[in-house]
Amino acid sequence: NDDLAQIVETSDEWIQSRTGIRERRISEGADTAELAAGAAKAALENAGVSANDVDLILVATSTPENVFPCTACEVQREIHAEHAAGFDLNAACSGFLFALQTAQAYIQAGIYRTVLVIGVDSMSHMVDWSDRSTCILFGDGAGAVVLRESKGGLFVQAAHSDGAKGDVLTGCSRHRKNWDH
């Protein structure tokens, strides 16, 4: 926050009182897939689960490096989860929660037993660091969890979207600025 105060008119106290954010991380060269793979490896180790046991990899991201292959497939390759299917979800800030719901639904349906859920974004290359209204919100990072089939381990979730308020905070692909339309 103090670093941002050197760029835009703000302060640590101003940012914390409005957002609760004390600090953010900026990747020093790792792209979205690399951040996701690092989080995946840590989650698997923490859970004591082998990559070979993973049936599905779900990656929630708004900042994939590529449209295809998807980030989940890049993670699959990196962690050697040869038996896993994978796909990405894009739901911005709520993406990780939607990925958790999706994983739970697949597990409950008996389609997959072990699901690796990753939330990752590399926002630093998209942020306008001179715009105080947005630069205080974003950074780069990844987190992951392993979900497994369990007897009685259900959690109840609720989700809601309000597309009518989509213009409150918008972002576009770094590639879009090169488009002619």
Side-chain angles (χ1 to χ4, degrees), residues 3-4 21-107 111-129 131 134-149 157 159 161 166 169-179:
D3 292 340
L4 286 176
I21 298 170
R22 292 189 177 108
E23 60 185 56
R24 69 214 32 77
R25 302 281 188 249
I26 305 298
S27 172
E28 294 182 358
D31 65 20
T32 301
E34 291 170 309
L35 293 172
K41 290 174 183 176
L44 290 169
E45 182 179 329
N46 187 45
V49 173
S50 165
N52 287 326
D53 294 331
V54 176
D55 302 312
L56 178 65
I57 301 170
L58 298 176
V59 174
T61 186
S62 297
T63 57
E65 294 300 317
N66 302 300
V67 175
F68 49 85
C70 67
T71 305
C73 287
E74 292 181 271
V75 169
Q76 179 209 34
R77 179 189 65 231
E78 179 65 27
I79 67 171
H80 307 289
E82 288 86 13
H83 307 292
F87 64 91
D88 294 356
L89 293 92
N90 179 345
C93 298
S94 58
F96 187 81
L97 297 176
F98 279 105
L100 279 175
Q101 289 178 322
T102 303
Q104 179 184 358
Y106 275 121
I107 291 169
I111 298 169
Y112 298 113
R113 296 180 54 181
T114 304
V115 182
L116 178 59
V117 179
I118 305 165
V120 59
D121 273 309
S122 301
M123 298 296 293
S124 63
H125 62 271
M126 297 176 61
V127 171
D128 176 354
W129 293 104
D131 177 8
T134 58
C135 75
I136 63 168
L137 300 174
F138 300 112
D140 303 333
V145 296
V146 176
L147 298 180
R148 298 195 94 173
E149 180 180 44
Q157 300 184 58
S161 298
L169 184 62
T170 62
C172 69
S173 165
R174 68 181 141 199
H175 305 293
R176 185 167 185 191
K177 62 185 167 195
N178 297 323
W179 295 352

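Contacts classified as side-chain hydrogen bond (donor to acceptor under 3.5 Å, both in side chains) and involving residues 41-51 (residues at least two apart or in different chains) are given here: K41-E78. Applying the side-chain hydrogen bond (donor to acceptor under 3.5 Å, both in side chains) test to residues at least two apart or on different chains, the pairs with a partner in residues 80-99 are S62-N90, T71-D88.
Between A40 and V75, the closest heavy-atom pair is CB-CG1, 3.9 Å. In this structure, A37 and I79 approach most closely via the heavy-atom pair O-CG2, 4.1 Å. Taking every heavy atom of both residues into account, I107 and E149 meet most closely at CG2-CA, 3.7 Å. The two residues C70 and G86 make their nearest non-hydrogen contact at SG-O, 3.9 Å. Pairing each heavy atom of A144 with each of A39, the nearest pair is CB-O, 3.5 Å. The shortest heavy-atom contact between A91 and F98 is CB-CD1, 3.7 Å.
Annotation: side-chain hydrogen bond (donor to acceptor under 3.5 Å, both in side chains) contacts of D140 (sequence neighbours excluded): S124. With sequence neighbours left out, R77 forms a salt bridge (charged side-chain N to carboxylate O under 4.0 Å, His left out) with no residue at all. For Y106, the ring-ring contact (aromatic ring centres under 6.0 Å, His included) criterion is met by Y112, not counting sequence neighbours. L4 pairs by the side chain to side chain contact (heavy atoms under 4.5 Å, CB included) definition with I7, T10, I15, R24, W129, C135, I136, not counting sequence neighbours.
Within the 3.5 Å criterion, the main-chain N or O of A33 finds no donor-acceptor partner in the side chain of E65. Not one N or O on the side chain of S122 forms a donor-acceptor pair closer than 3.5 Å with the backbone of T63. Side chain of T32 to main chain of P64: no donor-acceptor pair is present (N/O by atom type, distance under 3.5 Å, no hydrogens or angles). For D121 (side chain) and M123 (main-chain N/O), no donor-acceptor pair under 3.5 Å exists by modelled atom type.
To the nearest 0.5 Å, atoms CG (L147) and OG1 (T114) are separated by 9.5 Å. Annotation: the span from I21 atom CD1 to F138 atom CZ amounts to 8.5 Å, rounded to 0.5 Å. Note that the CD atom of E23 and the CG atom of D3 stand 10.5 Å from one another [nearest 0.5 Å].
Side chains of V145 and L100 form a contact here, defined as non-hydrogen atoms less than 4.5 Å apart. The closest side-chain heavy-atom distance from E74 to V59 is not below 4.5 Å.
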Full working for side chain to side chain contact (heavy atoms under 4.5 Å, CB included) between V54 and L44: CA-CA 9 Å; V54 176; L44 290 169; 3.7 Å; yes
